[in-house]
Amino acid sequence: MSSSSSAKALIKTLIKNPTRIKTKHQAKQLHAQFLRTQSLSHTSASVIISLYTNLKLLHEASLLFHTLDSPPVLAWKSLIRSFADQSLFSRALSSFVDMRASGRCPDHNVFPSVLKSCTMMSDLRFGESVHGYVIKLGLDCDLYTCNALMNMYAKLQGMMGLKTSARKVFDEMPQRIDSVRKVFELMPRKDVVSWNTIVSGYAQSGMYEDALRMVREMGSDDIKPDAFTLSSVLPVFSEYVDVNKGREIHGYVIRRGIDADVYIGSSLVDMYAKSARIEDSERVFSHLLRRDSISYNSLVAGYVQNGRYNEALKLFRGMVNAKVRPGPVAFSSVLPACAHLSTLHLGKQLHGYVLRGGYGDNMFIDSALVDMYSKCGSIKAARKIFDRMNVHDEVSWTAIIMGHALHGHGHEAVSLFEEMKLKGVKPNDVAFVAVLTACSHVGLVDKAWGYFNSMTEVYGLNPGLEHYAAVADLLGRAGKLEEAFDFISNMRVDPTGSVWSTLLSSCSVHKNLELAEKVAEKIFAVDSENMGAYVLMCNMYASNGRWKEMARLRLRMKKLGLRKKPACSWIEFKNKTHGFVSGDRSHSSMERINEFLKEVMEQMEKEGYVADTSGVLHDVDEEHKRELLFGHSERLAVAFGIINTEPGTTIRVTKNIRICRDCHVAIKFISKITEREIIIRDNSRFHHFNRGSCSCGDYW
DNA sequence: GTAGGGTTAG
């Protein structure tokens with residue numbers, strides 16, 4: 001037999017059974033044999049193209065394809081499917097267009113790839129025209145094509161929804177889901193993929209009840225939920241925070257023996273974390289046989305959501321060490337941990353990682369970076385990132401507004417809030433927390449009232465505790481104590497101890513003992529063990545010489561077994577964190593710090609500052625009283641100077657000592673060594689010391 | 001042809 005006829009014979013058997021060619025080498029050999037004998041018909045070429053594409057030899061397939069002047073259907077199909085498989089979606093779509101232009105009629109095998117390409121390219125219009133073509137060809141009863149159609153509608157309508165306003169999604173979603181539903185209803189036969197597609201469509205559109213209903217319905221259609229179904233519905237329970245339903249599914253998953261599935265695993269990790277059961281998340285995570293970036297990130301995010309910031313950072317490092325490459329989502333999850341811990345050096349490292357990874361244009365990451373820089377004291381860097389963002393949503397606006405508010409730039413924060421509204425971004429409840437905080441820090445009582453009222457009147461938002469607390473705080477600071485009392489008493493939500501506590505401290509500042517007593521009783525009624533309230537009241541009684549009342553209160557504390565929890569502040573310097581717990585004198589430079597504090601106090605008094613020692617407990621000598629007046633922030637500022645200075649160097653206190661607007665006591669000093677700006681974060685407030693620009697001002 | 005994790009506040 002000639003080589004030409006043997007090749008032809010081989011092709012014939014291949015058409016019947018193409019799996020006989022298994023390696024790339026065999027495929028290329030066969031192709032070469034045809035070229036040698038010059039007998040490559042269109043049919044044979046198509047078979048070789050499909051062999052090439054099955055073996056992922058896209059380049060070879062493409063070259064051979066372009067030698068054909070009128071490629072047959074099989075050749076087109078192989079090429080289109082292979083483009084889609086290799087994620088070359090736009091080439092898949094343009095090949096489909098070319099195929100139609102060449103007059104070839106596609107069959108049912110082509111459409112799943114084409115529709116997937118439309119989905120990935122977010123090209124709904126093209127997808128709809130493909131749908132029309134499917135109907136014209138009478139292929140609208142093909143199982144795979146219908147599944148792909150449903151997936152496309154569910155995904156693209158959901159995706160478009162995220163990019164437009166929530167209202168639009170709300171208005172358009174039902175009819176859009178209908179098109180998915182319509183395809184679904186008309187299908188003559190449905191398999192588990194069809195059910196899973198509609199379940200995840202509902203779940204991802206937030207239509208949780210419908211998603212769950214479909215899971216129940218699939219049972220009556222005799223189709224068992226599989227790993228796909230379960231990983232689609234578990235997030236529903238995370239959202240609902242229904243840990244019992246989630247546990248039921250967990251049990252089912254274990255009985256089915258699919259509990260090591262990474263998809264289900266990360267859903268379970270997330271579900272337990274969102275239900276504040278982080279130990280269960282850890283357990284599920286530790287049992288996973290394989291961990292990818294999503295399963296790692298589910299736990300990282302879980303730690304952050306539960307305030308376990310150090311563990312989040314540790315696991316993030318663990319992920320990197322395990323050679324699992326963090327995706328963009330990982331950064332937006334872990335950055336808040338840096339923000340909360342004020343670890344600027346780590347945040348900067350992550351920022352570098354983000355830029356190198358090419359994730360520089362992601363709204364989630366940018367908003368997280370804005371927040372991180374601002375919480376770590378570098379409002380300039382935060383603002384720079386914010387200004388460079390192409391689009392701003394309510395989250396990024398809120399992050400920058402809150403940043404300015406916390407840095408004491410109340411007016412700037414308010415004008416940013418106005419700008420946000422002008423740009424057509426609707427403030428949400430968090431944005432109102434930010435703007436009210438800003439008003440509170442600069443004493444804009446009337447503005448705050450206006451904003452507070454606009455929440456309900458203009459935006460239909462119900463004020464929450466934080467909003468009430470901000471207004472109450474503002475009224476209190478402005479000395480409108482009675483007004484604040486009435487305001488809190490008439491809240492639509494039951495006031496908590498912490499709302500009353502802001503008023504109590506205002507009473508203390510404005511020395512209104514009578515009202516303070518009323519407020520304290522309100523606090524003890526809802527929170528009988530509120531330590532802060534006891535301490536404040538004791539101090540107020542002491543400064544008024546009301547020893548009897550004070551003794552009574554102290555006895556009450558003793559009976560309740562209350563002990564003051566030590567407060568803690570910390571400062572990061574040269575990649576080292578220096579922590580100071582109140583009453584703890586273990587810091588290696590504590591002696592110098594206290595010495596320096598004394599010097600600062602003396603300097604301040606020379607400048608005319610009169611220490612108000614009346615609020616300090618009476619059984620302490622005058623010298624100690626003055627020392628006690630220094631809060632954490634001052635101690636930290638001084639600590640910074642001490643740590644930052646070689647031993648033996650004199651630190652001079654400059655003449656222009658300032659009193660911090662927020663905490664009423666602050667110092668301004670210049671160390672001889674650096675002229676850095678010193679920023680202290682104490683609870684949620686920032687104190688700026690020194691002059692010059694922050695080393696982090698130019699963040700890169 | 002189908003699936004999982006993310007940013008602001010508290």
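Only a predicted model underlies this, so the values are computations on that prediction, with no experimental measurement involved. Numbered from 1 within each chain, the chains take letters A, B, ... in sequence-line order.
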S.K.: Can you give the donor-acceptor pairs under 3.5 Å from side chains of residues 428-437 of chain A to other protein atoms, not counting sequence neighbours?
M.R.:
| from | atom 1 | to | atom 2 | distance (Å) |
| --- | --- | --- | --- | --- |
| Asn428(A) | OD1 | Val430(A) | N | 3.2 |
| Asn428(A) | OD1 | Ala431(A) | N | 3.0 |
| Thr437(A) | OG1 | Val433(A) | O | 2.6 |

S.K.: Distance alone, cut at 3.5 Å: any donor-acceptor contact between the side chains of Asp85(A) and Ser82(A)?
M.R.: no
S.K.: Answer yes or no: side-chain N or O of Thr197(A) and base N or O of dT2(B) forming a donor-acceptor pair under 3.5 Å.
M.R.: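 Side chain to base: no pair present.
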S.K.: Give, ordered by number, those residues of residues 249-273 of chain A having at least one heavy-atom distance below 4.0 Å to an atom of DNA chain B; if nothing qualifies, reply none.
M.R.: Asp261(A), Val262(A), Tyr263(A), Ser266(A), Ser267(A), Asp270(A)
S.K.: Kindly say whether, by distance alone, the side chain of Ser231(A) makes a donor-acceptor pair under 3.5 Å with the base of dA3(B)?
M.R.: yes
S.K.: Looking at the base of dG4(B), is there any donor atom on it, or on the side chain of Asn297(A), that sits under 3.5 Å from an acceptor on the other one?
M.R.: no
S.K.: Ala301(A) near the nucleic acid: base, sugar-phosphate alone, or nothing, with a heavy-atom cut-off under 4.0 Å?
M.R.: sugar-phosphate
S.K.: Hey, is the side chain of Lys375(A) poking within less than 4.0 Å of OP1 or OP2 on dA9(B), counting only N and O atoms?
M.R.: yes
S.K.: Could you list the residues that satisfy salt bridge (charged side-chain N to carboxylate O under 4.0 Å, His left out) with Asp280(A), not counting sequence neighbours?
M.R.: Arg247(A), Arg277(A), Arg283(A)
S.K.: With sequence neighbours excluded, what pairs up with Asp366(A) under the salt bridge (charged side-chain N to carboxylate O under 4.0 Å, His left out) test?
M.R.: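 For Asp366(A), no residue satisfies salt bridge (charged side-chain N to carboxylate O under 4.0 Å, His left out) once neighbours in sequence are set aside.
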S.K.: Over all strands shown, is Met150(A) touching base, sugar-phosphate only, or nothing at heavy-atom distances under 4.0 angstrom?
M.R.: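 Result for Met150(A) = nothing.
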S.K.: In residues 275-293 of chain A, which ones come under 4.0 Å of DNA chain B, going by heavy atoms?
M.R.: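 Asp292(A), Ser293(A), in order of number.
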S.K.: Under 4.0 Å, counting only non-hydrogen atoms across every strand here, what does Pro235(A) touch: a base, just sugar-phosphate, or nothing?
M.R.: sugar-phosphate
S.K.: Would Phe364(A) count as stacking on dT7(B) if stacking means ring centres less than 5.5 angstrom apart and planes tilted under 30 degrees?
M.R.: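 Check failed, Phe364(A) does not stack on base of dT7(B).
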S.K.: By the 4.0 Å heavy-atom rule, please label Asp429(A) as base, sugar-phosphate, or nothing.
M.R.: nothing
S.K.: Measure from NZ or CZ of Lys426(A) to the centre of the six-membered ring of Tyr459(A), then state whether that distance is under 6.0 Å and the direction lies within 45° of the axis.
M.R.: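 Here Lys426(A) fails the 6.0 Å and 45° test against Tyr459(A).
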S.K.: What integer distance in Å separates Met372(A):CE from dT7(B):C1'?
M.R.: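 So the CE-C1' distance, Met372(A) to dT7(B), works out to 13 Å.
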S.K.: With a 6.0 Å cut-off (strictly less than), is the heavy-atom count around NZ of Lys274(A), excluding the residue itself, greater than 12?
M.R.: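 Atom NZ in Lys274(A) is packed in, count exceeds 12.
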S.K.: Does atom NZ of Lys190(A) have more than 12 heavy-atom neighbours, drawn from other residues, nucleotides or ligands, at distances under 6.0 Å?
M.R.: yes
S.K.: Ser267(A) and Asp270(A): side-chain donor and acceptor closer than 3.5 Å?
M.R.: no
S.K.: Taking CG from Leu156(A) and P from dT2(B), how many angstroms apart are they, rounded to a whole number?
M.R.: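 Those two atoms, CG and P, are 12 Å apart.
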S.K.: Mind checking what makes salt bridge (charged side-chain N to carboxylate O under 4.0 Å, His left out) contact with Lys421(A), not counting sequence neighbours?
M.R.: Glu418(A)
S.K.: Assign Ser298(A) to base, sugar-phosphate, or nothing according to its heavy-atom contacts below 4.0 angstrom with the strands shown.
M.R.: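 Touches sugar-phosphate only.
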S.K.: Is any side-chain N or O of Ser332(A) under 3.5 Å from a base N or O of dG6(B), one able to act as donor and the other as acceptor?
M.R.: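 Answer yes: a donor N or O sits under 3.5 Å from an acceptor.
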